[in-house]
Structure formats: structure tokens, C-alpha cells
K.L.:
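The following block contains the structure, expressed as C-alpha cells.
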There are 2 protein chains.
Amino acid sequence: MIRILLAEDQAMMRGALAVLLGLEDDLEVVAQVGTGTEIVPTALEVRPDVALLDIELPGISGLEAAGELTARLPECRVMILTTFSRPGYVRQAMAAGAVGFLVKDGPVEELADAIRRVLRGETVLDPALAAATLRAAPNPLTARERDVLAASEDGSSIADIAGRLFLSPSTVRNYLSAAIGKTGTRNKTEAALTARRNGWLA
Amino acid sequence: MIRILLAEDQAMMRGALAVLLGLEDDLEVVAQVGTGTEIVPTALEVRPDVALLDIELPGISGLEAAGELTARLPECRVMILTTFSRPGYVRQAMAAGAVGFLVKDGPVEELADAIRRVLRGETVLDPALAAATLRAAPNPLTARERDVLAASEDGSSIADIAGRLFLSPSTVRNYLSAAIGKTGTRNKTEAALTARRNGWLA
DNA sequence: ATCCACCACTGACAATTGTCACCATCGGGT
DNA sequence: ACCCGATGGTGACAATTGTCAGTGGTGGAT
């Protein structure tokens, strides 16, 4: 019996997947969580064979949790199940020790099989997605550039960002200018958008 | 046997829901589509009792499809199933003749029952959500203001927007200024963001 | 007939934003 | 010791953006 931990914030999606996986007679969902913060504690308690993690979660992200989980519970295989096939996500997932990366666009039928394959020691990653990730440029942004971009995502003014990050407005403008240059965009809004789309933030 | 049409863009969610609903012995998913454009033609062909529509879909939105569907196939009950409980969405759904509005945050168990209740003639709408919708201000934006806000969502410059909408840059700036005023925000990025969050766009 | 809301535009002005050159410090590498 | 990249800053300048006061035109109410 393969014991599964399921982390997904949308209750309906989480419930549906749990029922679905429960229908397979070699699979068993032993824990369900709706936030990133619960992942590691719950996993340490129930000791699942596989953790199926969404990325965008309240609290910490599934990718951060993946890193901690592979470190603290190495016998648990970590798989990422996400809406977005962003190159940066794939990169971070692999760096965090994940052995599977599934996109919610794919057919449900693949899911149970992917879990079994991971447990046999295989790595599950769509070849086209792997290729696209390798083709795409790796994250060119420095930590600070990511900070200011993330802070500008809600449309904040430079003064706001500076206040929030305890920097001088001029410094913020310089980082933004650098980020705009590196992303090949024309203003902070576009820069934040493409950085987000590439999985370069958070 | 209740015949259901399912419109949802995420294949995995769509598949999982279909399996789930299929487990109920009085429910039957007779059609699944992944785009908004397919909804009406498919419904006219298979004549379902209930159409369960996501809002954010490729092609036309589930809300637009809902309006057309209630007009062209009145015997088919339309239910909206969406991630976002935006006041504007609820308003539009009801205006389009939908008799159910479900949020993907809720438990899966409710879904089948909600469908049955809708078929008994009830309207399914979380009271708290209904209250919040009534409390929230209705869409204060004019059609043009919505246009320019939608066009500015990708971080475009005013000149870009003007070019795309065949307007003079000054006109665009005036509409944006009006939208900024009405949304109580401080720049076009914030304005577009809050308009989107309230379900005032598209 | 008059009012009002919406549409479309212009021009002027102030504020914000983006670019650039420049300076200083710190921590690795080589 | 030296270079390099990242961090944090200043000041100057140009471009973009936001505000405001106008001008008209349209079409639907009263």
C-alpha cells in the first residue's frame, strides 16, 4: 500500500484527488493539508511514502516545503503537482530534491501511474517540459532584484517599496532599472510580470 | 438520471470531477469541454439537465456562455463553479440566469448535493457570499474604463494602450485617471488589480 | 427642449518613474 | 593583493504618468 500525503489549497481539488486516488487499490491518502506550513509537521507524523505538493499554497510554498521535506524525511518521495509549467518552478523543484513534476493540465489517469513510477525509483518529468526548462535562461536576478520586483507586484509606488524594504528610493529605482534591463521589459510592472511568469520570484 | 455538462479548463480538475460525479448513481457526466467556445454548441447537441461552468476559460468566459445558454436552452440549469468569489462574478452569474454559484474552496461533498438541489428548483448560493456581494459596491466603471484597465493589465504603457484601442493617448489617460479615482487607487496598476479582484473586468 | 452620462479629444502642469554616471563597502575567489 | 559581483547610496536628466480644466458629439431620459 502506497501511503500518500496530499497538499493542495483548493478544497474541492484536494477532495476530488483524494477520492480519486483512494479508488486505486494500491494507493492510500493518509493525510491532506491545505497550507504549506502544515506539510513538514504532518509528514513527520504520518511518514508517507509520497508527498504530492502544490506550489502556490498559503504559508510557505510547496517548493520550500519540498526542500525541507527531502532533508528531514529522505525516505519520502516528493512530487510537485502544479498549474504552471514555469521553467523556474521545474528548476527549483529538481534542486529541492523532487522526483516528480506534474502539471494539472494533464489527464487524471496519469496521476496514479506517475505515483507508482516514482515509487519504483523513476523520475517523472515531461520530456518537453524538461527541454523547455533547459532551453530557458536560468534566473538572472539577484536576491535584491527579486525583492523589489515582488514588492512592486501590487502596483506599489517606488516610495512604498523603499519604505517596506527599508531602502532609499534611489536604491529601489536602481534595482528596478537593473531588473527591467535583465528581463528585457520596459517598466516595473512588465518586469514583475515576466519574472513571475518565469518562476523567478518567491 | 441527471445529465451533466462539465466545462473546466484544467484537465486534471475536470477529469477528477467527472469521475467523482460519475460515482453518484443518479448523476451522469454526458459531456466535458475545456474551452468556453465549446459550451453552447455541445450543450445544444447533448441537451444536459445541468451545465457546470468554470468562469476563467479559454475562448469566451463561463459567464458569457451562461447567458447564451440560458437564452438558447432554457431547460438546462446553469451552475457556476469557480475559484474566485468575486462580487462582480456573482452579480454577473445571477444576471446571466445561473441558478447556482459554487466556489472551489468548498468541500467536494457539497457538489453532488448542490446539483440535486438545483434540479429540484432551488438556487444554490452561499448566504455569506450573497450578503458580501450585496454589500459590495456594484461595478462603477464604464465600458471604456474597463477597456483601458484591461489593456493595462500586462503593464503596457499608455501609448501602447492608445494604439491597441485606436484612441489618443490623452483620452486613455483621462479614462485611466477616472478609473483610478473610482477605484480609490493611486495608479493604473493598482486600479487594474482592484478592478480585476472585484470582478469588474471581462 | 433640456438634462445627463458617456464618449473622444486637447493642452498644461506636477509628480512619478526610468536611465545613467558615479561612489563606497563587503565577501569571495585567484 | 587584486578583481568581481552584490549591496546601498546620491544626483541629474529625460520620459512617462496622473490631474485638471476645457471643448464637442451622441443618445436616452424627463
Side-chain angles (χ1 to χ4, degrees), chain A residues 88 91-92 95 137-202, chain B residues 88 91-92 95 137-202:
Chain A
R91 266 210 170 77
Q92 284 177 72
N139 191 338
L141 303 171
T142 68
R144 265 315 191 206
E145 285 159 4
R146 285 197 296 275
D147 290 343
V148 292
L149 280 186
S152 76
E153 280 192 296
D154 59 351
S156 293
S157 70
I158 287 180
D160 290 340
I161 303 169
R164 234 179 303 156
L165 299 182
F166 304 104
L167 292 174
S168 108
S170 320
T171 304
V172 172
R173 288 205 289 165
N174 285 339
Y175 284 132
L176 282 176
S177 190
I180 290 167
K182 288 180 181 179
T183 52
T185 51
R186 287 169 308 162
N187 54 52
K188 58 180 153 73
T189 311
E190 274 190 355
L193 227 55
T194 62
R196 172 63 65 188
R197 268 203 303 267
N198 281 298
W200 290 341
L201 302 181
Chain B
R91 266 209 171 77
Q92 284 177 72
N139 191 340
L141 303 172
T142 68
R144 266 311 194 208
E145 285 159 4
R146 287 197 295 276
D147 289 344
V148 293
L149 279 186
S152 77
E153 280 192 298
D154 60 350
S156 293
S157 70
I158 287 180
D160 290 340
I161 301 169
R164 233 178 304 156
L165 299 182
F166 304 105
L167 292 174
S168 105
S170 318
T171 304
V172 172
R173 288 202 290 163
N174 285 339
Y175 284 133
L176 283 176
S177 190
I180 290 167
K182 289 180 181 180
T183 52
T185 50
R186 286 169 308 163
N187 54 54
K188 58 176 152 71
T189 312
E190 274 189 355
L193 227 55
T194 63
R196 172 63 66 190
R197 268 202 304 268
N198 281 298
W200 292 340
L201 302 181

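Computed from a predicted model, the values in this text were never measured in an experiment. Chain letters run A, B, ... following the sequence lines, proteins first and then strands; every chain starts at 1.
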K.L.:
How would you list, by chain and number, every residue that makes a side-chain contact (heavy atoms from CB on, under 4.5 Å) with Pro138(A), sequence neighbours excluded?
P.N.:
Arg91(A)
K.L.:
How many Å lie between CD on Glu190(B) and P on dT17(D), as a whole number?
P.N.:
16 Å
K.L.:
Just how far is it from atom CD1 of Ile158(B) to atom CG of Leu167(B), taken to the nearest 0.5 Å?
P.N.:
12.0 Å
K.L.:
Closest approach of Leu141(B) and Asn139(B), non-hydrogen atoms and distance?
P.N.:
N-OD1, 2.9 Å
K.L.:
Do you know the tightest heavy-atom contact between Ser168(A) and Ala162(A)?
P.N.:
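Result for this residue pair: C-CB, 4.0 Å.
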K.L.:
Near DNA chain D, under 4.0 Å by heavy atom, which residues of residues 170-182 of chain A?
P.N.:
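Those residues are Ser170(A), Thr171(A), Arg173(A), Asn174(A), Tyr175(A).
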K.L.:
Could you measure the distance from the CD1 atom of Ile161(A) to the OG atom of Ser152(A)? Nearest 0.5 Å is fine.
P.N.:
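Answer rounded to 0.5 Å: 5.0 Å.
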K.L.:
Which distance, rounded to the nearest 0.5 Å, do you find between the CZ of Arg186(B) and the OG of Ser157(A)?
P.N.:
5.0 Å
K.L.:
Donor-acceptor pairs are to be reported for all side-chain atoms of residues 191-202 of chain B against protein atoms at under 3.5 Å, with residues two or more places apart or in another chain.
P.N.:
unit_1: Thr194(B); atom_1: OG1; unit_2: Glu190(B); atom_2: O; d: 3.4
unit_1: Thr194(B); atom_1: OG1; unit_2: Ala191(B); atom_2: O; d: 3.2
unit_1: Arg196(B); atom_1: NE; unit_2: Glu153(B); atom_2: OE2; d: 2.8
unit_1: Arg196(B); atom_1: NH2; unit_2: Glu153(B); atom_2: OE1; d: 2.7
unit_1: Arg196(B); atom_1: NH2; unit_2: Glu153(B); atom_2: OE2; d: 3.4
unit_1: Asn198(B); atom_1: ND2; unit_2: Thr194(B); atom_2: O; d: 2.9

K.L.:
List the atom of Gly155(A), the atom of Asn187(B), and the distance in Å for their closest heavy-atom pair.
P.N.:
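Between these two residues, the closest heavy atoms are O-ND2, 2.9 Å.
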K.L.:
Atom CG of Asp154(A) and atom CG of Asp160(A): how far apart are they, to the nearest 0.5 Å?
P.N.:
8.0 Å
K.L.:
With sequence neighbours excluded, what pairs up with Thr142(A) under the side-chain contact (heavy atoms from CB on, under 4.5 Å) test?
P.N.:
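With neighbours one apart ignored, the set is Arg144(A), Glu145(A), Lys182(A).
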K.L.:
Heavy-atom contacts under 4.0 Å between residues 139-169 of chain A and DNA chain C, which residues?
P.N.:
Ser157(A), Ile158(A)
K.L.:
How far does the helix from dA1(C)-dT30(D) to dT30(C)-dA1(D) bend, going by the axes of its first and last five pairs, to the nearest 10°?
P.N.:
30°
